[in-house]
Asks: 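Starting off with a structure, shown below.
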Amino acid sequence: MARFRFRLDASLQIAQQVFESAQQEYASELQRWQNYVQALKNQQTCYHEAQEGQREAGRHRPEELGICQVYALEQKRKLRQCEAREREQEIILEKSRNYLLEAHREVEKYERLKEKQATAFREAELQKEQKILDETGQVLHWLGRKAISELV
């Protein structure tokens, strides 16, 4: 019996490699985004603490108010930088996600095509086998009739 051979197997393997690469890239970008989110949370905490320190200095230590204001402004600037990095990474992450989805679709396309061709191949092989069996049955039937007619 013949074996099924998918003509586009090389293309399927390449698509699978691209998909695996896209998975790794997406995981890397996701990790980077999570790091930025954590850094943003930490910076928000620092900024809120700086604001609280500024309020406390305004109420109880007016001579330190200028230093606390400068520190709070610096923390706010760092917070804005963290927010900007996180937003930029979200865009990169979304592009990476779209690339991953496209690579997945490509692999699925080849796998569906392979399955469809394998099914068609199996059906064609079954039809060939059935044809052989039918022909064998006809020959045996013909030989059986010929043997009976010779006996009579």
Asks: What distance separates Lys78 NZ from Asn42 CG, expressed to the nearest 0.5 Å?
Replies: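 Going from NZ on Lys78 over to CG on Asn42, the span is 12.0 Å.
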
Asks: Is any side-chain N of the basic residue among Glu52 and Arg55 closer than 4.0 Å to the acidic one's carboxylate O?
Replies: yes

Asks: Any idea which heavy atoms bring Gln54 and Leu65 closest together, and the distance?
Replies: O-CD1, 3.6 Å

Asks: Would you compute the distance between atom OG of Ser28 and atom CD of Gln31 and round it to the nearest 0.5 angstrom?
Replies: 8.0 Å

Asks: If you count every heavy atom of other residues, nucleotides or ligands that lies below 6.0 Å from Leu30 atom CG, does the total exceed 12?
Replies: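 More than 12 heavy atoms, drawn from other residues, nucleotides or ligands, come within 6.0 Å of this atom.
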
Asks: Which atom names give the shortest non-hydrogen contact between Tyr110 and Phe6, and what distance separates them?
Replies: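 For Tyr110 versus Phe6, the nearest heavy atoms are O-CZ, 3.8 Å.
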
Asks: Is any side-chain heavy atom of Val18 closer than 4.5 Å to a side-chain heavy atom of Tyr99?
Replies: yes

Asks: If we only count heavy atoms from C-beta on, is the Lys116 to Arg112 side-chain gap below 4.5 Å?
Replies: no

Asks: Do NZ/NE/NH1/NH2 and the carboxylate oxygens of Glu94 and Arg97 come within less than 4.0 Å?
Replies: yes

Asks: Of the non-hydrogen atoms in Ala57 and Cys68, which two are nearest, and what is the gap between them?
Replies: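 Distance-wise, the nearest heavy atoms are CB-SG, 3.7 Å.
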
Asks: Hey, is Glu56 close enough to Arg59 for a salt bridge, meaning N to O under 4.0 Å?
Replies: yes

Asks: Might you point out which heavy atoms bring Ala72 and Ala50 nearest each other, and give the distance in Å?
Replies: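 Residues Ala72 and Ala50, closest heavy atoms: CA-CB, 3.8 Å.
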
Asks: Between Gln51 and His48, is there a side-chain heavy-atom distance shorter than 4.5 Å?
Replies: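 Sidechains of Gln51 and His48: in contact.
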
Asks: Will you find, in the side chains of Gln138 and Asp134, an N or O donor that is under 3.5 Å from an N or O acceptor?
Replies: no

Asks: Would you say that Val70 contacts Glu74 through its side chain, given a criterion of any heavy-atom pair below 4.5 Å between the two side chains?
Replies: no

Asks: Is the shortest side-chain N to carboxylate O distance from Glu88 to Arg85 below 4.0 Å?
Replies: no

Asks: Glu106 and Ala15: which non-hydrogen atoms are nearest, and at how many Å?
Replies: CG-CB, 4.1 Å

Asks: Is Glu111 salt-bridged to Lys114, going by a charged N under 4.0 Å from an acidic O?
Replies: no

Asks: State plainly whether the residues Arg32 and Glu29 are in salt-bridge range, i.e. N to O under 4.0 Å.
Replies: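 Looking at Glu29 together with Arg32, the answer is yes, because their closest N to O distance falls below 4.0 Å.
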
Asks: CG/Leu8 to CD/Gln13 distance, rounded to the nearest 0.5 angstrom?
Replies: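 One gets 11.5 Å once the value is rounded to the nearest 0.5 Å.
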
Asks: Would Tyr47 and Gln43 count as having a side-chain donor-acceptor pair, cut-off 3.5 Å?
Replies: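 Side chains of Tyr47 and Gln43: no pair found under 3.5 Å.
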
Asks: Mind checking whether Ile92 and Gln89 have side chains closer than 4.5 Å, heavy atoms only?
Replies: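 Side chain of Ile92 against side chain of Gln89, heavy atoms only: contact under 4.5 Å found.
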
Asks: With a 4.5 Å cut-off on side-chain heavy-atom distances among I, L, V, M, F, W and Y, is there a chain of contacts connecting Leu40 to Tyr36?
Replies: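 No, separate clusters.
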
Asks: Is the shortest heavy-atom distance from the side chain of Phe121 to the side chain of Gln117 under 4.5 Å?
Replies: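 A side-chain contact is absent here, since even the closest heavy-atom pair is not under 4.5 Å.
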
Asks: Distance check, rounded to the nearest 0.5 Å: Trp33 atom CH2 versus Tyr26 atom OH?
Replies: 8.5 Å

Asks: Assess the side chains of Glu102 and Asn98: does a donor N or O sit below 3.5 Å from an acceptor N or O?
Replies: no

Asks: Do side-chain atoms of Thr136 reach the backbone of Ile132 as a donor and acceptor pair under 3.5 angstrom?
Replies: yes

Asks: Does the salt bridge (Lys or Arg N to Asp or Glu O under 4.0 Å) test come out yes or no for Arg105 and Glu108, once each step is laid out?
Replies: CA-CA 5 Å; Arg105 279 189 214 107; Glu108 281 187 338; over 6 Å; no

Asks: Once rounded to the nearest 0.5 Å, what's the spacing between atom SG of Cys82 and atom CD of Gln38?
Replies: 11.0 Å

Asks: Walk me through it: do Thr45 and Glu49 pass the test side-chain contact (heavy atoms from CB on, under 4.5 Å)?
Replies: CA-CA 6 Å; Thr45 302; Glu49 289 173 357; 3.5 Å; yes

Asks: How many angstroms lie between atom CZ of Arg7 and atom CG of Leu113, to the nearest 0.5 angstrom?
Replies: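 Going from the CZ atom of Arg7 to the CG atom of Leu113 covers 8.0 Å.
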
Asks: In terms of side-chain geometry, is the basic nitrogen of Arg122 or Glu115 positioned less than 4.0 Å from the acidic oxygen of its partner?
Replies: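 Glu115 and Arg122: salt-bridged.
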
